[in-house]
Amino acid sequence: MKHFDVLDLAAETRDLVTQCEVTGKQTLFERQGRAVAMLVSYDEYLALRETIDIANDGALRGKLEAAEDEVRRGQVVLVEDLLE
């Protein structure tokens, strides 16, 4: 992974990063009309990674599905029980 200091970027790019960081505004980068990259805030990136990790964790997905079944039946499910 490459790392860049925001201050080393061009002013227009720094503005895009600031908008992303402060407001959550995303920026799509295209090449010849085709999407090639997306600028998202670091917090949003972490949330997306967490979602991917959960989706790839079969055991946790199974617990979540079982919990959803219990909720549909009117039973209470504690988050702590899912994480055991």
Side-chain angles (χ1 to χ4, degrees):
M1 176 186 309
K2 289 187 176 184
H3 294 248
F4 292 94
D5 189 310
V6 173
L7 297 176
D8 292 337
L9 301 173
E12 184 178 353
T13 306
R14 282 195 312 267
D15 290 343
L16 292 175
V17 171
T18 299
Q19 288 175 21
C20 181
E21 178 184 21
V22 173
T23 68
K25 181 178 178 182
Q26 301 167 343
T27 300
L28 178 65
F29 295 90
E30 299 178 336
R31 182 183 303 118
Q32 299 176 343
R34 185 171 115 352
V36 295
M38 176 69 77
L39 176 64
V40 299
S41 71
Y42 188 68
D43 289 340
E44 185 171 354
Y45 165 77
L46 292 176
L48 290 168
R49 288 301 321 161
E50 182 177 35
T51 300
I52 290 167
D53 291 343
I54 290 170
N56 290 330
D57 185 333
L60 181 56
R61 265 195 346 267
K63 288 180 180 181
L64 289 170
E65 290 168 8
E68 288 173 357
D69 289 341
E70 289 181 20
V71 169
R72 279 192 282 278
R73 291 192 305 269
Q75 297 175 334
V76 176
V77 177
L78 300 176
V79 173
E80 294 82 12
D81 294 339
L82 293 174
L83 301 176
E84 289 180 347

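Note: hydrogens, waters and symmetry copies are ignored here, and every other heavy atom, side chains too, is used.
Other residues, nucleotides and ligands place no more than 12 heavy atoms under 6.0 Å from the OH atom of Tyr42. Within 6.0 Å of CZ on Arg73 lie more than 12 heavy atoms contributed by other residues, nucleotides or ligands. In the displayed structure, Glu30 atom CD is contacted under 6.0 Å by more than 12 heavy atoms of other residues, nucleotides or ligands.
Contacts of Arg49 classified as side-chain contact (heavy atoms from CB on, under 4.5 Å), with partners at least two apart in sequence or in another chain: Tyr45, Ile52, Asp53.
Across all their heavy atoms, Glu21 and Ser41 have their closest contact at CA-CB, 4.5 Å. Nearest heavy-atom pair, Leu28 versus Ala37, reported as atom, atom and distance to 0.1 Å: CD1-O, 3.5 Å.
Cluster membership check: Leu46 does not share its hydrophobic cluster with Ile54, using side-chain heavy-atom separations under 4.5 Å among Ile, Leu, Val, Met, Phe, Trp and Tyr.
Rounding to the nearest 0.5 Å places CD of Gln19 at 9.5 Å from CG of Leu39. Remark: Leu16 CG to Thr27 OG1 distance equals 4.5 Å, nearest 0.5 Å. The structure places NZ of Lys63 at 8.5 Å from CG of Asp57, a figure rounded to the nearest 0.5 Å. Note that the CZ atom of Arg14 and the CG atom of Leu9 stand 7.5 Å from one another [nearest 0.5 Å]. Remark: Asp69 CG to Leu64 CG distance equals 11.0 Å, nearest 0.5 Å.
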